[in-house]
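Each chain gets a letter, A, B and so on, in the order its sequence line appears, and its residues count up from 1. The analysis underlying the following values was restricted to heavy atoms, covering all of them including side chains, and did not include hydrogens, waters or symmetry mates.
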2 protein chains.
Amino acid sequence: MASQIPDVVIFRLPLYLRILTLLTEENAEVVSSQELGARLWMTPAQIRKDLSYFGKFGKQGKGYNIAQLREELRQILGLNREWCVALIGVGRLGKAILDYGMLALREFNIVAAFDIDPHQIGRNVSGLMIQDLAELADTVKSQGIEICIVAVPPSQVQRAIDCVVDCGIKAILNYAPAAARVPKDVRMQEVDPTLALQTMTYHLKSLSSP
Amino acid sequence: MASQIPDVVIFRLPLYLRILTLLTEENAEVVSSQELGARLWMTPAQIRKDLSYFGKFGKQGKGYNIAQLREELRQILGLNREWCVALIGVGRLGKAILDYGMLALREFNIVAAFDIDPHQIGRNVSGLMIQDLAELADTVKSQGIEICIVAVPPSQVQRAIDCVVDCGIKAILNYAPAAARVPKDVRMQEVDPTLALQTMTYHLKSLSSP
DNA sequence: ACATGTGAAAGTATTCACAGCC
DNA sequence: GGCTGTGAATACTTTCACATGT
């Protein structure tokens, strides 16, 4: 029994969370599905339906208590604790992820970095000593790593991901602009701006020639 | 008549393209929907259905000619020409996008970079002279910019995006981890690793406590 | 009066299964 | 035999609309 809750619903929860955080900063206390929907270009009904998969968080006639709903969503998404993350590949892209704090978010801690290039191994980048990828399995165990970020060159993606999967990792964030296969029990999310750009040009094209 | 072709289909075309490019490198000449499906963890039927929206590209009993299908998809997606792109926000993240060549892809050319910080304006980053955001409208016209990449701090996202929209841009790639609203005729895609991570923790959580 | 939560209805997307062809 | 392209069938999502509660 994996989950009877649709994947699309899970994907929207972080969006709700983001707006709730914004509303918290605006010192709002209560929000209606109407208002949330307006901010996200979604129908109020969809938001209510999504939330109803997890419980009854609202008050009729009033709406949702922002602080409370935010906490509920954090619980549901598993953001009420820290997650240890390893970075695989410390080339240009990997360095950018470390240096520029592209994941600067409380819940996610990059605690180790790996590469296969002997020139990189042993060097210090943003406070992390780069380790040999062969040590991944050991470090995963000793540090409690549960998520890997893969940022290797396209030609090595499959190799890197196979290695990560062999270490028992079940969640991969893949920055490499390349296709890779994982077993069905492993979650892999792609972060590839190229894919996004390519869908946008499709729509732009239709704009110029109707 | 915007498009009777479902959005999900458009989103999958770049995935097909990616595999076709990989197959080209492997010197394959023909591929079946079966094989494509196996590589992408999709059913062959879905791939055939998706492609059938655009025409008949296969040969019964054989499959699809890789080079030809690849070219067709590039045409369909509008990748058979160059696109001029502007970068909005040259802070840490924006610099990483420029420096680390995170968009190193033939079809997309970052031809201008903008900021509002007087300290940044006039400086040279990766061969681009940073301009005042106020000049965006003029540069969009003179350089034929059609896509903007927004990489500003969360607090300024809405302001930056409003400015971009006012300049007539219809496609925005938003790197900022923050919510923003755009008119319905503007396409905005988010590139936010945080959202991806947050959906993964949901599933990891369920793994440890079944 | 206003807003939630939810079955039922409408609308989309995916998969099946087979005719037609190489 | 193998594979495409596609209407029909199934499965999934979203939206509607209203009973229920404040």
Listed partners of A:Gln143 passing side-chain hydrogen bond (donor to acceptor under 3.5 Å, both in side chains), at least two apart: none
A:Arg70: partners by side-chain hydrogen bond (donor to acceptor under 3.5 Å, both in side chains), with sequence neighbours left out: A:Thr21
End axis versus end axis in the helix from C:dA1-D:dT22 to C:dC22-D:dG1, the angle rounded to 10°, five pairs used at each terminus: 10°
Partner set under salt bridge (Lys or Arg N to Asp or Glu O under 4.0 Å) for B:Asp166, not counting sequence neighbours: none
Distance-only polar pair, side chains of A:Gln131 and A:Thr139, donor-acceptor under 3.5 Å: yes
All side-chain hydrogen bond (donor to acceptor under 3.5 Å, both in side chains) counterparts of A:Glu146, not counting sequence neighbours: A:Arg81
Partners meeting salt bridge (Lys or Arg N to Asp or Glu O under 4.0 Å) with B:Arg12 (sequence neighbours left out): B:Asp50
Contact residues, residues 51-75 of chain B to DNA chain D [heavy atom, < 4.0 Å]: B:Ser52, B:Lys56, B:Phe57, B:Gly58, B:Lys59, B:Gln60, B:Gly61, B:Lys62, B:Gly63, B:Tyr64
Interface limits on DNA chain D, where chain A has a heavy atom under 4.0 Å of a nucleotide atom: D:dT13 to D:dT22
Selection: residues 24-37 of chain B, any non-hydrogen atom under 4.0 Å of DNA chain D: B:Ser32, B:Ser33
Residues forming a salt bridge (Lys or Arg N to Asp or Glu O under 4.0 Å) with B:Glu190, sequence neighbours excluded: A:Arg18
Interface residues of residues 9-23 of chain B with DNA chain D (non-hydrogen, below 4.0 angstrom): none
In residues 56-66 of chain B, what donor-acceptor pairs under 3.5 Å come from side-chain atoms, sequence neighbours left out?
from, atom 1, to, atom 2, distance (Å)
B:Asn65, OD1, B:Ala67, N, 3.1
B:Asn65, OD1, B:Gln68, N, 2.8

